[in-house]
Amino acid sequence: MSTTARFETMNAVEYAPQGSVVVNACKSANVEPPPVDWIMSEKFDGQRGVWNGLKREMRTREGHIVNIPDDFEKVLPKGIILDGELIAGKRRQNIGIFRRKNPTKEDWLAAGAKFVVFDSIDPIKQFDKRWKDAKKAVSAPREPGLPNWVTLPAQVLCRSPADLDAFFAEVKGNGGEGVVLRAPNSPYVQGRSGLLLKRKVEDVEDMPVVRVIEGKGRREGKIGTIEVTFPRNRTKVKVGVLSGTEHWEKGDIARVRFRGVSVDGVPQHATLVSHKPINKLI
């Protein structure tokens with residue numbers, strides 16, 4: 001599978017209405033801060049995919065070509081660039097299907113392959129027009145018997161913070177990954193944008209250890225806490241260590257589970273998942 005440079009897609013930042021990234025982006029675009037009048041949709045856990053209908057190719061955000069079975073490719077529209085998520089089961093269950101060099105229709109059908117389109121890429125048009133273009137392209141008539149694998153998520157107007165909480169609870173209750181919020185009438189910009197936010201049910205990320213803190217009381221002489229760096233914004237986070245006998249050093253990698261971030265961008269409810277010593281990273 002060939003590789004090119006990483007695609008500069010529009011990428012969501014953590015939901016933090018009072019965070020500087022969001023506040024500055026809203027001021028620049030002259031839109032009200034989230035969540036009121038923003039557009040909510042479910043966040044899907046898969047492989048980011050961009051369909052270039054001009055070149056007839058699908059690529060991941062990293063630039064990898066996704067080889068598509070013929071009948072699946074026939075469903076994809078021509079003449080439009082679509083941004084979306086390639087999914088195959090909940091929580092990346094069958095995501096490896098999109099890395100196969102010679103995929104078959106039967107394999108993709110069995111895996112439940114879907115391309116969930118949430119935007120079209122156009123640097124000039126605002127989101128409402130881009131979304132209309134995407135819906136028109138995806139809803140166009142197709143040949144009978146072809147797989148119905150290209151879908152559109154529900155886009156819901158958020159009228160209050162309670163709306164967001166209720167929608168998030170619904171997505172969580174259905175086993176979803178989280179919620180995405182888009183600023184109304186916002187442009188498509190490359191890279192991380194405060195006009196596109198994500199509020200995730202749970203996340204897991206590798207974080208480098210910057211400090212090891214000894215325990216107190218009954219844990220005296222043992223490691224009680226490690227301090228790690230959150231790679232997305234370089235925030236320092238303290239995480240408890242369950243086993244005081246395990247040896248930790250600065251530079252080790254801690255895999256940390258957390259549920260969303262605060263308005264200051266700090267991971268919430270951070271817990272340790274696993275430990276990779278620095279001398280085993282190579």
Side-chain angles (χ1 to χ4, degrees), residues 6-46 48-50 61-62 81-85 116-131 133-134 153-168 171-172 176-205 207 229-237 258-270:
R6 184 181 180 90
F7 270 28
E8 281 298 320
T9 52
M10 184 174 181
N11 302 322
V13 301
E14 300 294 339
Y15 179 71
Q18 299 174 27
S20 60
V21 173
V22 177
V23 171
N24 292 337
C26 290
K27 286 182 179 179
S28 297
N30 194 29
V31 299
E32 292 297 316
V36 177
D37 290 336
W38 284 47
I39 309 299
M40 306 182 294
S41 61
E42 181 176 351
K43 186 182 188 305
F44 294 89
D45 191 11
R48 185 74 171 269
V50 174
R61 188 165 60 191
E62 291 74 27
I81 303 176
L82 297 175
D83 193 358
E85 194 86 359
V116 184
V117 176
F118 45 68
D119 205 345
S120 62
I121 298 180
D122 190 311
I124 298 176
K125 296 177 181 178
Q126 295 181 324
F127 176 67
D128 60 340
K129 185 62 171 69
R130 299 198 312 272
W131 180 239
D133 292 345
Q155 300 277 2
V156 181
L157 179 64
C158 181
R159 299 187 182 279
S160 69
D163 269 2
L164 173 58
D165 291 341
F167 188 69
F168 183 79
V171 170
K172 181 179 179 180
E177 190 197 16
V179 172
V180 172
L181 291 104
R182 295 176 183 274
N185 299 323
S186 56
Y188 192 101
V189 296
Q190 294 182 336
R192 296 172 70 250
S193 172
L195 301 176
L196 180 64
L197 311 178
K198 58 185 177 182
R199 181 180 174 186
K200 299 180 73 172
V201 172
E202 187 179 78
D203 208 347
V204 176
E205 193 156 328
M207 306 186 190
T229 299
F230 187 37
R232 301 179 195 177
N233 56 18
R234 312 304 297 173
T235 297
K236 300 296 186 297
V237 185
F258 57 97
R259 282 177 276 172
V261 297
S262 69
V263 294
D264 296 320
V266 179
Q268 300 293 284
H269 309 290

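Keep in mind it's a predicted model, so treat the numbers as computed, not measured. Both backbone and side-chain heavy atoms feed into the values below; hydrogens, waters and symmetry mates do not.
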(request) Walk me through it: do Phe127 and Gln155 pass the test side chain to side chain contact (heavy atoms under 4.5 Å, CB included)? (result) CA-CA 12 Å; Phe127 176 67; Gln155 300 277 2; 3.9 Å; yes

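Looking at Pro34 and Val22, their side chains come closer than 4.5 Å, going by heavy atoms from C-beta outward. Put simply, the side chain of Glu177 does not reach to within 4.5 Å of the side chain of Val201, judged on heavy atoms. Using a 4.5 Å cut-off on side-chain heavy atoms (C-beta onward), Val116 and Glu42 make no contact. The closest side-chain heavy-atom distance from Ile39 to Leu181 is not below 4.5 Å. For the pair Ser120 and Trp131, the minimum side-chain heavy-atom distance is 4.5 Å or more. In this structure the side chain of Thr229 reaches within 4.5 angstrom of the side chain of Arg234, judged on heavy atoms.
Separation of atoms OG1 (Thr9) and CD (Glu62) is listed at 8.5 Å; rounding is to 0.5 Å. Taking CG from Leu196 and OH from Tyr188, the interatomic distance works out to 8.5 Å, rounded to the nearest 0.5 Å.
The heavy-atom pair separating Val171 from Gly178 by the smallest distance is CG1-O, 3.4 Å. Counting all heavy atoms, side chain and backbone alike, Ala12 lies closest to Lys198 at O-CE, 3.7 Å. The nearest pair of heavy atoms linking Leu195 to Ala25 is CD2-O, 3.7 Å. Of all non-hydrogen atoms in Phe230 and Met207, the two that sit nearest each other are CD1-CE, 3.5 Å. Among all heavy-atom pairs drawn from Trp38 and Cys26, the shortest one is CZ2-SG, 3.7 Å. Summarising the geometry of Arg199 relative to Leu164, their closest heavy-atom pair is NH1-CG, 3.6 Å, with the distance given to 0.1 Å.
With sequence neighbours left out, Arg48 forms a salt bridge (charged side-chain N to carboxylate O under 4.0 Å, His left out) with Asp83. Considering only residues two or more places apart in sequence or on other chains, Gln126 meets the side chain to side chain contact (heavy atoms under 4.5 Å, CB included) condition with Asp128, Asn185. Remark: Pro33 engages no residue in a side chain to side chain contact (heavy atoms under 4.5 Å, CB included) (not counting sequence neighbours). With sequence neighbours left out, Glu205 forms a salt bridge (charged side-chain N to carboxylate O under 4.0 Å, His left out) with Arg232.
Surrounding NZ of Lys27 are at most 12 heavy atoms belonging to other residues, nucleotides or ligands under 6.0 Å away.
Residue pairs meeting the salt bridge (Lys or Arg N to Asp or Glu O under 4.0 Å) criterion with at least one member in residues 116-125, sequence neighbours excluded, are Asp119-Arg130, Asp119-Arg182, Lys125-Asp133. Applying the salt bridge (Lys or Arg N to Asp or Glu O under 4.0 Å) test to every pair with at least one member in residues 15-25, sequence neighbours left out, gives no pairs at all.
Under a 4.0 Å N-O distance rule, the pair Lys172/Asp165 does not qualify as a salt bridge.
Ring-centre distance between Phe118 and Phe44: not below the 6.0 Å cut-off.
The closest donor-acceptor contact from the side chain of Gln18 to the backbone of Ala16 lies at 3.5 Å or more, if one exists at all.
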